[in-house]
Number of protein chains: 2
Amino acid sequence: MKISAQEEYGLRCLLQLATLKEDESLTLPQIAEREGISSANAGKLMWLLNKAGFVQATRGTKGGYSLAREAGEIYLSEVIKILEEDEIAGHCESYTGVLDSCVHNGGCGIRPVIVGLHEIIQNALSQITLAQLVGTEAKVDERFHRIQGLRQLSVNSQQSSNR
Amino acid sequence: MKISAQEEYGLRCLLQLATLKEDESLTLPQIAEREGISSANAGKLMWLLNKAGFVQATRGTKGGYSLAREAGEIYLSEVIKILEEDEIAGHCESYTGVLDSCVHNGGCGIRPVIVGLHEIIQNALSQITLAQLVGTEAKVDERFHRIQGLRQLSVNSQQSSNR
DNA sequence: CGCAATCTTGACAAAAAAATAATGTTTTGA
DNA sequence: TCAAAACATTATTTTTTTGTCAAGATTGCG
């Protein structure tokens with residue numbers, strides 16, 4: 001279970017824009033340099049993010065990219081949804097092995113886990129905005145752990161309810 | 001953020017063994033058929049799981065695979081750790097773009113999110129054993145949601161504590 | 001013993017993902 | 001108006017991930 005290159009870099013590029021002041025913008029070469037990727041690559045990512053409505057692009061000299069909405073209104077859950085290749089919607093449509101559809105029509109012990117995991121992840125990501133990721137790493141880390149904190153406790157306290 | 005083919009199929013093959021009675025075992029072709037994958041593929045997966053100590057293999061006629069430990073003692077967190085290609089340990093060593101190391105030495109707003117997400121996932125998976133995935137889908141689903149349930153509540157109740 | 005069933009293991013091929021390249025369009029300003 | 005700077009879009013190449021194959025090794029049985 002891991003994050004894809006597109007998700008990681010896309011998020012990082014967006015985060016660069018989130019650090020800008022009002023009326024500032026960044027060109028592709030600038031974004032590329034700040035994230036250590038090629039500007040062709042940055043171009044493709046920004047194209048995606050533009051299509052999805054997260055950023056505004058202006059062409060021509062003096063052009064560049066800026067956020068289309070306030071950083072505090074952009075939730076990671078939305079961004080990740082755009083950046084992951086294709087919709088996770090149909091888990092049972094991927095991983096069908098050599099067959100056309102999954103062999104487990106009806107009962108499958110894994111599906112609820114996969115689906116549940118996605119719910120957990122989405123839930124966590126839907127509580128974080130871009131704005132909250134701007135700042136020092138320590139600060140961001142502390143913020144994130146507040147989101148996790150209570151869960152750890154509550155989950156542990158009902159651990160032994162299995163057959 | 002998604003589960004890889006290796007993780008998915010590996011887990012499913014293990015789950016097949018978990019449904020067996022004492023002293024039963026399955027051969028590669030049998031596992032392959034039940035999961036709708038090729039037996040060559042099943043072979044590689046089982047090889048991994050064998051190396052990691054989750055399954056026992058016996059060769060020769062009447063050979064096959066069975067779990068090396070009780071299904072109730074095998075946690076998904078361990079299994080996933082083995083099945084994901086390489087250790088997630090060093091997130092900063094992957095996704096370095098065109099450079100040798102990540103440009104964000106020192107402060108990076110994304111790292112805590114990635115790391116935190118992994119903690120959340122690991123935590124959820126470390127509460128689920130193979131044994132709990134045997135049964136009807138509805139039952140498994142209900143079990144899994146017990147794990148999620150309390151978290152949802154606790155997280156929502158402290159949502160507005162950001163700058 | 002010797003054959004057949006079975007796992008083991010490394011090399012190889014196919015598919016998917018990621019990155020780059022190439023070509024086109026828009027804007028600004030001299 | 002024209003050239004330069006910048007984004008837009010599609011095609012191609014490269015890399016990574018998956019899956020297959022083939023040659024071995026081990027075991028049981030007639």
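Being a predicted model, the structure only gives us computed values, none of them experimental. These numbers come from the heavy atoms of this one structure, side chains and all, not from hydrogens, waters or symmetry mates. Below, read A as the first sequence line, B as the second, and so on, with proteins coming before strands; counting in each chain starts at 1.
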What contact category does A:Leu28 fall into here, base, sugar-phosphate, or nothing, at under 4.0 angstrom with non-hydrogen atoms?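 Sugar-phosphate contact only.
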
So what does A:Tyr95 touch, heavy atoms closer than 4.0 Å: a base, only the sugar-phosphate, or nothing?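 Nothing, no nucleic acid heavy atom in range.
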
I need the [atom1]-[atom2] distance between [X] and [N], as an integer number of Å.
{"X": "B:Asn41", "N": "D:dT17", "atom1": "CG", "atom2": "P", "value": "16 Å"}
{"X": "A:Glu8", "N": "C:dA17", "atom1": "CD", "atom2": "C1'", "value": "16 Å"}
{"X": "A:Leu26", "N": "D:dA5", "atom1": "CG", "atom2": "P", "value": "18 Å"}
{"X": "A:Ile37", "N": "D:dT14", "atom1": "CD1", "atom2": "P", "value": "20 Å"}
{"X": "B:Glu35", "N": "D:dG19", "atom1": "CD", "atom2": "P", "value": "13 Å"}
{"X": "A:Gln6", "N": "C:dA16", "atom1": "CD", "atom2": "P", "value": "16 Å"}
{"X": "A:Gln30", "N": "D:dC7", "atom1": "CD", "atom2": "C1'", "value": "13 Å"}
{"X": "A:Leu99", "N": "D:dG19", "atom1": "CG", "atom2": "C1'", "value": "14 Å"}

Nearest listed nucleotide, side chain of A:Ser4, among D:dT20, C:dT20, C:dA18: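 Closest nucleotide among those given: C:dA18.
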
Closest listed nucleotide, where the reference is the side chain of B:Ala5 and the choices are C:dC7, D:dG19, C:dA19: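 Selected nucleotide (nearest to the side chain): D:dG19.
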
Is it true that A:Ile82 and A:Tyr75 fall in one hydrophobic cluster, defined by side-chain heavy atoms closer than 4.5 Å?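 In one cluster: no.
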
In terms of hydrophobic clustering (I, L, V, M, F, W, Y; side-chain heavy atoms under 4.5 Å; direct or indirect links), are A:Trp47 and A:Leu15 co-clustered?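 A:Trp47 and A:Leu15: separate clusters.
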
If I take atom CZ from residue B:Arg111 and atom CD1 from residue B:Ile114, how far apart are they, to the nearest 0.5 angstrom?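 Result: 11.0 Å between the selected atoms.
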
Roughly how far, to the nearest 0.5 Å, is the CZ atom of A:Arg12 from the CG atom of A:Leu45?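 With rounding to 0.5 Å, CG (A:Leu45) is 10.5 Å from CZ (A:Arg12).
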
Listed in order of residue number, which residues of residues 42-70 of chain A have a non-hydrogen atom at under 4.0 Å from DNA chain C?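 Contacts with DNA chain C under 4.0 Å: A:Lys44, A:Arg59, A:Gly60, A:Thr61.
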
Within the distance-only criterion (no hydrogens, no angle test), does the side chain of A:Tyr95 pair as donor or acceptor with the backbone N or O of B:Ala5 below 3.5 angstrom?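 At least one qualifying donor-acceptor pair exists.
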
Expected output: side-chain B:Glu7 to main-chain A:Met1 donor-acceptor under 3.5 Å: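 Side chain of B:Glu7 to backbone of A:Met1, a donor-acceptor pair under 3.5 Å: yes, one is there.
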
If you apply the rule side chain to side chain contact (heavy atoms under 4.5 Å, CB included), what do you find for B:Cys13 with B:Ile37, and how did you get there? CA-CA 10 Å; B:Cys13 290; B:Ile37 60 181; 4.1 Å; yes

